[in-house]
Amino acid sequence: VKIGQAQFDKLAQMLADFCPPGMLRLVDIEIFLGPNPHADFAALRGLIETSRALPPKRRVLDRLHQDFPRLFPHSGGDKSDGPCDAATVAALIAKLAGALLTEKITVDFRFDSSAEDGSRASFLIEFLTHTSSLQAAATALILIGERLAVPEAAGEAIGTYMPLLDKACAQCRPNNESSALIAAARRQDLPYLQIGQDIALWQIGWGVRSEQYWVSASNVDGVVARRLSFNKATTKQLCRQLGLPTPDWRLLDAADELPRVASTIGWPCVVKPADRGGGVGVSADIRDIATLERAVSLARGHSRRVLIEAHEPGDDYRLMVVDGRLAMAIRLDPPHIIGDGERTVGELVAALNDAREGGETYLLPVPVDDMMLTTLNSQAVDLATILPEGKAVKLRTNSNHATGGTITDVIDTVHPQVRRLAEQLTAAMGFRVAGIDYVTRDIRRSHDEVGGGIIEVNTTAGFEVVIKAQIVPETLAEVVIGDRPGRVPVALLIAPSESQAEIGDVLRDRLPRGWAAAGDWARMGPIDLPASKLDHFGRAQALLRYPGVERLLLLWNLDSLYEFGLPADSLARTVILGEAPKADWLGLLERRSARLDRVGVAAEAAAMLLEAGE
Amino acid sequence: MKLHPDELERLQSRLTLTLPETIIRLDEIEIHTGPTPHAPVPALTATMELGDAPVEPDRLVDLLREAFPAIFDDVTAKVTDLSDTAVIIASAVARLAAAFAAQVLEMDIDLRSGLAWTENRKAAVWIELFEPDLGVHALGAALMAVARALTGDGGPHIPSREELAPAGVIAVAARPNFESGILIAAARCRGIPARRIGDDHAIWQFGWGSRGEQIWVTSTNRDGVTAQRLSRNKRLGKLLMAELGLPTPEWRVIGLDDDPGPAADAVGWPCVVKPLSGGAGRGVSTNLRTMADLQHSVSMARRYDQFTLIEAHEPGEDHRLMVIDGRLVAAVRRDFPAVIGDGLSTIGELVAELNGTRFGPEREVGYLSPVPDDAELVGTLAAQGFTKDSILAAGRKVLLRTNANRSTGGTATDVLGKVHPQVRMMAEQLAGAFGFRATGIDYMTRDVSRSHDDVGGAILEVNTTPGFRVLLASGYQEDTLGARILGRFPGRIPLLLVVAAAEEIAQIDRLAAARLPPTAGLAFADSAQIGSMRLPRRTIDASAWLGALMLYPNLKAVIVAWSADDLAVSGLPADAMDLTVIVRNPLSRAWMATLRTASADLVCVGGAESAVERLLSSGLLEAPLS
């Protein structure tokens with residue numbers, strides 16, 4: 001697909017603002033939505049021309065290293081001497097664009113470059129969406145152009161173009177869990193599609209082998225399960241009905257007298273909004289009426305429905321169950337600081353948060369808020385207290401990761417009864433993937449021995465945190481995807497325009513139920529889909545989104561092939577009627593098709609596509 | 001089990017305010033979660049002492065008939081001894097209590113009731129158990145109502161909803177939500193057990209164990225969470241429709257600070273305004289033709305969401321297509337409310353006549369709502385050149401509203417037989433692509449019997465629930481819709497009962513627990529086991545342990561081991577058992593008869609070992625562990 005002339009001109013002009021066209025010129029940009037002769041994946045390809053002596057490679061690399069130390073970890077050094085040429089420039093553009101996309105979209109983007117004729121070269125970056133890919137290409141072009149023109153310039157292009165790129169990428173950056181899932185899908189070579197341009201809604205696999213994910217929940221997780229887990233009081237009631245342990249609780253009415261309620265629940269107690277997640281408004285280990293009253297008003301700030309719960313002694317665990325089996329078990333500990341005899345609590349907290357904000361750590365800063373002050377207060381310290389050496393002080397009563405808790409993997413030590421309990425609860429609620437919050441003094445021993453209680457069940461298992469923290473292997477996301485998603489066979493028939501009507505009639509007439517087919521039309525089984533504005537490629541993608549589709553037959557011509565690239569990254573069968581594609585395209589089709597035939601008769605071509613077997 | 005003494009006392013003290021103890025004294029209330037010798041269903045049983053009635057038996061029967069004609073038209077036929085005032089009074093209390101409870105539930109079900117026994121001046125009556133609280137309060141209301149009828153205090157009448165309070169108050173929490181009520185009634189007809197999940201009035205489990213399904217309103221766990229997300233946000237839904245290549249009207253989304261004019265120009269006039277999220281037609285305005293109307297409509301929509309959807313107005317009629325399990329199973333066309341002239345009446349009179357048939361409980365008026373007599377009515381008539389005083393020529397039809405919403409008088413027509421195959425396929429495929437097992441799709445077309453390629457049309461929305469009311473308004477039966485949603489999945493799993501003395505039950509525990517296949521459950525009065533996993537011990541009653549097991553979806557059969565005392569306290573574990581094994585018969589003749597009626601197969605054995613052998617080799621469980 002060529003981009004619009006106006007868009008291209010604008011891009012060329014933006015580049016010219018920073019780098020004289022005589023030095024670096026954009027010749028062409030094209031986008032392939034599927035595999036193409038230049039790359040086995042969807043890609044944006046730019047052709048550049050350099051025509052005048054360029055600065056030495058070393059200087060450009062030094063400068064890039066200075067601007068983007070993480071993307072270009074090595075300076076120019078001595079070895080890369082000599083002036084830049086077109087191939088070098090294209091390589092730098094590709095690398096920068098790919099790295100920027102990878103950083104901003106949190107998916108590993110592939111990139112490539114090659115020398116073309118004369119002083120021309122091409123760069124290529126993996127394509128995701130029009131806006132993000134074009135913006136990345138433009139940004140990389142301009143930044144590199146600016147370095148070529150004036151290596152010592154202050155780099156004003158960064159300030160102008162980086163925010164635009166950020167914005168373009170934000171619209172297609174998968175949310176945290178989704179990006180872990182997509183990374184896993186890519187490792188397993190599974191196709192994926194964004195749904196409704198939503199950053200948390202992705203389809204993995206095609207047709208009957210597809211599954212839709214929303215964050216870490218999929219369409220196999222039931223809506224009833226979600227509803228049951230949404231309100232903690234409902235979840236707890238269900239636990240009761242299931243005969244599973246959960247701490248005593250009461251939903252607070254406005255009229256309830258707190259002292260009376262607290263005495264029936266017992267001290268210490270926990271107060272939380274019944275229908276909010278992420279540890280919001282939760283206070284634990286409440287031991288007196290004054291604290292209780294504060295905790296209740298804090299919780300009421302977040303929800304009408306406030307729950308008071310008996311404090312279950314022990315540590316917090318998150319047990320994640322996938323497909324009826326315990327897949328992850330971690331202990332969550334509240335954030336704390338340890339005194340050094342010199343610094344105040346406030347200084348220790350600031351140091352802790354500095355460390356967490358700056359580095360690559362997965363741990364989140366601990367907010368300095370009323371809840372922290374209350375927690376400190378209950379330990380008889382405040383922000384100004386100088387802590388004696390070795391003295392540990394909790395900063396929060398809850399160990400929620402979102403408010404700064406720490407994490408330890410315990411999967412190998414979970415007692416079988418606790419494991420079964422988690423697995424049974426997940427099944428009884430109707431979840432495929434769920435994260436159960438369980439409190440016990442000792443996860444290695446049975447409930448009958450040491451007690452324990454189910455606190456709540458989460459739909460968003462939060463596995464992306466533990467994957468990033470490398471506490472559990474990244475294969476966890478693969479476990480979540482499971483073995484349902486995959487490809488359905490896609491067969492492609494390339495035929496000249498004059499044969500399309502005849503072949504279309506045969507395909508439509510004989511299309512089995514469960515199969516889909518598309519040319520300038522689209523059909524599922526015996527019935528046509530309404531005419532739509534989609535192009536050839538969009539129509540193929542659309543049909544792969546229907547969960548009833550077992551196989552897809554596509555009737556294309558050479559022009560659509562050259563325009564879009566292959567309709568899918570792997571083809572069960574390709575049939576070519578008449579004129580052969582260009583050599584590089586034919587080679588691509590041979591590589592990407594399980595079987596390729598060339599025929600001369602339209603009826604024969606159609607029959608081949610309709611053959612059931614491979 | 002007996003009602004808690006505190007609760008009984010509360011009820012008694014409330015009764016003494018209106019009820020002279022010389023007429024009726026409530027002694028005891030027992031709750032059985034399964035059949036007993038005196039009641040064939042789970043029941044609440046009240047024992048009462050009856051004094052001298054102030055009137056003769058004949059007069060008593062007449063009084064009750066007069067006071068409660070709808071309830072007592074046939075009660076006397078069931079009372080054996082019409083000369084005994086005690087029997088008549090007790091029977092009346094039972095009948096009334098059941099009727100009151102059903103009335104409060106607002107469901108299309110009858111709750112059964114009857115006389116358990118009489119002895120001298122004592123009588124026990126039972127009413128079918130729905131929720132214990134509801135039963136207790138309905139009973140209290142019935143006692144008071146009978147006392148009023150007898151003493152003429154305040155005049156005999158059926159208590160109003162308010163007077164049934166606190167029964168009414170309790171029922172607001174106890175009453176299943178509208179759709180759930182329809183499903184429960186359908187399940188009852190088919191012998192499928194239903195039970196509430198958690199404390200939610202809209203989540204019920206139908207069936208047991210591996211044949212159990214949780215249904216929230218009309219959604220099951222086979223409706224995916226992604227489906228819910230996609231249908232709740234109209235923008236996402238419409239984007240997906242476009243990605244699927246399916247027709248949906250042109251649209252734009254605007255924020256709080258955006259001018260709606262350019263968006264309307266972009267999608268084209270006339271246009272439609274909707275809040276981006278939310279349902280049930282709230283904040284929706286259609287067929288907008290002027291900037292003033294647009295501005296006004298947008299400000300209405302902004303009450304519900306900060307984002308507003310502006311959509312091209314799709315000409316044609318609104319259809320609701322219900323898809324379940326990938327098949328279109330119901331389709332209705334929504335019609336604007338209209339009247340047809342007779343050459344004599346004014347439009348105002350015709351509207352009044354139409355509305356006259358639509359006031360009352362929705363079930364009785366066919367789920368149709370009156371057409372509001374408001375400015376919109378006047379405006380709609382004016383647009384057609386009429387006023388309310390116009391006399392309409394015979395056969396002339398006049399629209400009363402420009403929307404077909406049922407809540408403002410719209411009607412509906414069943415069109416399932418006419419839906420064009422292409423439209424049917426679109427609906428079925430769309431439901432699948434959204435991830436719905438059960439959904440209602442709004443489709444606009446000029447003619448649903450023709451293809452989209454022929455007459456155009458567009459999908460407006462995919463809803464999380466099919467929308468029972470509009471389907472009912474077109475003539476679908478409640479039971480049909482309920483049965484459609486239930487489908488064939490929910491049902492029972494084999495239930496086996498062993499009745500034995502305490503020491504033998506301990507022995508059965510030792511022998512059976514170790515050999516239980518992983519898909520079988522074992523419920524005792526004080527604990528329960530799933531396969532080899534004993535559930536953590538807690539103090540809940542016998543029927544609660546059994547109830548717990550029935551919620552686990554991996555269980556394919558359940559064995560209940562109870563003593564004769566447990567049966568006396570709880571009643572039978574269920575209304576039907578596949579096999580009952582009795583160890584060294586500890587039961588009365590009455591209980592044996594009850595068990596025989598409820599069991600497909602009943603055997604008596606001499607000891608715990610042979611009982612376990614009989615249970616494990618019954619073929620009702622998966623192969624036991626050796």
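The analysis underlying the following values was restricted to heavy atoms, covering all of them including side chains, and did not include hydrogens, waters or symmetry mates. Below, chain A is the first sequence line, B the second, and so on; all start at residue 1.
Only the backbone of Ser218(A) comes within less than 4.5 Å of a heavy atom of chain B; no side-chain atom from C-beta onward does. Heavy atoms closer than 4.5 Å to chain B are found in the backbone of Gln194(A), but not in its side chain. Interface remark: Pro247(B) contributes side-chain atoms only to the contact with chain A (heavy atom separation under 4.5 Å). Heavy atoms of Arg235(B) lying under 4.5 Å from chain A belong exclusively to its side chain. Proximity to chain B (any heavy atom under 4.5 Å) is shown, for Arg240(A), by both the backbone and the side chain. When heavy atoms are compared at a cutoff of 4.5 Å, Leu543(A) does not approach chain B at all. With a 4.5 angstrom heavy-atom cutoff, Ala225(A) touches chain B via backbone and side-chain atoms both. Neither the backbone nor the side chain of Arg539(A) has a heavy atom closer than 4.5 Å to any heavy atom of chain B. In this structure, the portions of Met524(A) lying under 4.5 Å from any heavy atom of chain B include both its backbone and its side chain. Residue Leu193(A) does not touch chain B at all, counting heavy-atom pairs closer than 4.5 Å. Neither the backbone nor the side chain of Phe431(A) comes within less than 4.5 Å of any heavy atom in chain B. The part of Ala242(B) that comes within reach of chain A is its backbone (N, CA, C, O), which places non-hydrogen atoms under 4.5 angstrom from that chain.
Atom CE of Met533(B) and atom NE2 of His447(A) lie 11.5 Å apart (nearest 0.5 Å). Put simply, CD on Gln205(B) and CD on Gln241(A) are 9.0 Å apart, with the number rounded to the nearest 0.5 Å. Here Leu236(B) contributes atom CG and Trp214(A) contributes atom CH2; the two are 9.5 Å apart, rounded to the nearest 0.5 Å.
Contact check for Val224(A) versus Ile215(B): no side-chain heavy atoms found under the 4.5 Å cut-off. Residues Ser532(B) and Arg420(A) have side chains in contact (heavy-atom distance under 4.5 Å, counting atoms from C-beta outward). Within the 4.5 Å cutoff, the side chain of Ile195(A) has heavy atoms near those of the Leu230(B) side chain.
Contact count against chain B (heavy-atom pairs under 4.5 Å) is highest for Ala427(A) among Pro526(A), Cys239(A), Ala427(A). Note: Pro421(B) leads Gly456(B), Pro421(B), Gly326(B) in heavy-atom pairs under 4.5 Å with chain A. Of the listed residues (Leu244(B), Ile197(B), Leu535(B)), the one with the most heavy-atom contacts under 4.5 Å to chain A is Leu244(B). In terms of heavy-atom pairs under 4.5 Å with chain B, the best-connected choice from Asp221(A), Val223(A), Asp198(A), Asn219(A) is Val223(A).
The pair Arg534(B)-Asp448(A) does not meet the salt-bridge criterion, since no charged nitrogen lies less than 4.0 angstrom from a carboxylate oxygen.
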In a table with atom names and distances, give each donor-acceptor pair under 3.5 Å that connects a side chain of residues 546-555 of chain B to protein atoms at least two apart or in another chain.
{"from": "Tyr552(B)", "atom 1": "OH", "to": "Leu242(A)", "atom 2": "O", "distance (Å)": "2.7"}
{"from": "Asn554(B)", "atom 1": "ND2", "to": "Gln424(A)", "atom 2": "OE1", "distance (Å)": "3.4"}

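Here the side chain of Gln237(A) pairs no donor or acceptor atom with the backbone of Asp200(B) at under 3.5 angstrom. Of the possible donor and acceptor atoms, one in the side chain of Glu243(B) sits under 3.5 Å from a partner among the backbone N and O of Gly196(A). Listed for the Gln422(B) side chain is no donor-acceptor partner under 3.5 Å among the backbone atoms of Ile527(A).
Chain B is approached within less than 4.5 Å, heavy atom to heavy atom, by Asp528(A), Leu529(A), Pro530(A), Ala531(A), Ser532(A), Lys533(A), Leu534(A) from residues 528-535 of chain A, ordered by number. Identified by a heavy-atom distance below 4.5 Å to chain A, the contributing residues of residues 217-228 of chain B are Ser219(B), Thr220(B), Asn221(B), Asp223(B), Gly224(B), Val225(B), Thr226(B), Gln228(B), in residue-number order.
Between Ala433(B) and Tyr546(A), the shortest heavy-atom distance links the atoms CB-CD2, 4.3 Å. Among all heavy-atom pairs drawn from Phe434(B) and Gln212(A), the shortest one is O-OE1, 3.7 Å.
Evaluation of the ring-ring contact (aromatic ring centres under 6.0 Å, His included) rule for His536(A) yields Trp556(A) as partners, not counting sequence neighbours.
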